[in-house]
Amino acid sequence: MEKQLRALLRGFPAVADIAGTRVNWGAHPQGQPLPAVILRVISDVEGHTTNGRNGVSAARVQIDCQAESYGAAKLLARAVRNSLTGYRGGLFQAVLFANARNGREGGTDEADRPFRVSLDFFVHHTTT
């Protein structure tokens, strides 16, 4: 799911126009320019029936949209949200928007901290 979700986000024109290929899992590479998208799996629950695993997993994925200004982070977040909400295709059965929050990254110097808009999505995907 991770590889496919990264490729999917990179392939959306609205996201690529803002972030280019800067879509990564876990962290944004140090020294690379912003804006960027950082993906994190918050939870991933595999589905089961009385006969065992059903081949479907329900993940909660946090997508952080980072930029040098709040406006730029918000613009990227809107592009991600509008492109990804309701997506179905390939191994993705449904990608559903859950919630959003705003903030800034931690750091020693406030002027160096990028702005962040975090989006959470429920990602229902096949595992087989």
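Predicted model only: the values in this text are computed from it and were never measured.
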With a 4.5 Å cut-off on side-chain heavy atoms, are Thr126 and Gln93 touching?
yes

Shortest non-hydrogen separation from His125 to Phe92 and the atoms involved:
CB-CD2, 4.2 Å

Shared hydrophobic cluster for Ile63 and Ile38 (ILVMFWY, side-chain gaps under 4.5 Å)
no

Atom of Pro114, atom of Leu34 and distance for their closest heavy-atom approach:
CB-CD1, 3.5 Å

Main chain of Ser57, side chain of Thr127: is a donor-acceptor contact present, judged purely on distance under 3.5 Å?
no

Please lay out, stage by stage, how Leu96 and Phe121 fare under the test side-chain contact (heavy atoms from CB on, under 4.5 Å).
CA-CA 5 Å; Leu96 307 169; Phe121 286 87; over 6 Å; no

Check: Glu2 main-chain N/O paired with Trp25 side-chain donor or acceptor under 3.5 Å:
yes

Which donor-acceptor pairs under 3.5 Å do the side chains of residues 71-86 make with protein atoms, sequence neighbours left out?
residue : atom : partner : partner atom : Å
Asn82   : ND2  : Arg78   : O            : 3.2
Ser83   : OG   : Ala79   : O            : 2.8
Thr85   : OG1  : Arg81   : O            : 2.7

Side-chain ion pair, Arg101 and Asp120, N-O less than 4.0 Å:
yes

With heavy-atom distances below 4.5 Å as the criterion, would you say the side chains of Gln66 and His28 are in contact?
yes

Pairs under 3.5 angstrom only: tabulate donor-acceptor contacts from the side chains of residues 3-17 to other protein residues two or more places apart or in another chain.
residue : atom : partner : partner atom : Å
Gln4    : OE1  : Met1    : N            : 3.2
Arg6    : NE   : Val23   : O            : 2.6
Arg6    : NH2  : Val23   : O            : 3.4
Arg6    : NH2  : Asn24   : OD1          : 2.9
Arg10   : NE   : Thr21   : O            : 3.0
Arg10   : NH2  : Thr21   : O            : 2.8

Please check this pair: side chain of Arg22 against backbone of Pro33, looking for a donor-acceptor N/O pair closer than 3.5 Å.
yes

Is any side-chain heavy atom of Arg116 closer than 4.5 Å to a side-chain heavy atom of Asn102?
no

With clusters defined by side-chain heavy atoms of hydrophobic residues (ILVMFWY) lying less than 4.5 Å apart, directly or transitively, does Val41 cluster with Val56?
no

Any side-chain heavy atom of Asp64 sitting closer than 4.5 Å to one from Arg40?
yes

